[in-house]
Amino acid sequence: MASITINTPVGPFTIVARDETVLAAGFTDDVNALLVQVPPDVDADLDRPVKAVRAYFDGDLAAIDGIAVEQRGGPFLETAWVALRAVPAGSTVSYTGLAAAAGRPEAVRAAASACARNAAALFVPCHRVVRTDGTLGGYRWGLDVKRSLIAYERA
């Protein structure tokens, strides 16, 4: 397992990976805050994920889509994370919409939990989830980062 922190327009962004698979990522320079979310492991090649994040912030919003992500959770969480990766850059989805996309339209709170438990920020774009009324809701890395990412993707 390896980690790297790179500077982005919205602040430091740290990636933790095994081989070329992202295990955790977030808008922080504190790798320890991310390491508690991943099992111990060995060997990582961060070249592709780093190039993808840089390309994303250089305007290729789809660059992060091809990066493998590994997160473990229950069946609903894993399905919700897959559904999040299907939300296109520049778009948002409500927590209700995410629950429906994950196959359980009544599980709105579980959809919010999937966002809260998402360890691979940006690669699993939970920043694209908003409340039904269009307001932002929460974001682990702060509402300023969430607002900036949504605005960046829409520009």
Heavy-atom closest pair, residues [X] and [Y]:
X      : Y      : value
Ala52  : Ile67  : CB-CG1, 3.6 Å
Ala80  : Leu98  : O-CD1, 3.7 Å
Cys126 : Asn118 : SG-ND2, 3.2 Å

Polar side chain donor-acceptor pair, Thr21 to Asp19, under 3.5 angstrom: no
Any residue meeting ring-ring contact (aromatic ring centres under 6.0 Å, His included) with Tyr56, in chain and number order, not counting sequence neighbours: Tyr152
4.5 Å side-chain heavy-atom contact, Arg85 and Pro125: yes
Sequence neighbours excluded - salt bridge (charged side-chain N to carboxylate O under 4.0 Å, His left out) pairs with any residue from residues 141-155: Arg128-Glu153, Asp144-Arg147
Gap between atom CG of Leu136 and atom CD1 of Ile150 - 0.5 Å precision: 5.0 Å
Point-to-point distance, once rounded to the nearest 0.5 Å, from CZ of Phe13 to OG1 of Thr28: 10.5 Å
Results of side chain to side chain donor-acceptor pair (under 3.5 Å) for Asp58 - residues two or more places apart only: none
Co-membership, hydrophobic cluster, residues Phe76 and Val93, 4.5 Å side-chain: no
Parallel, tilted or perpendicular, as decided by the 30° and 60° cut-offs, for the rings of Tyr139 and His127: perpendicular
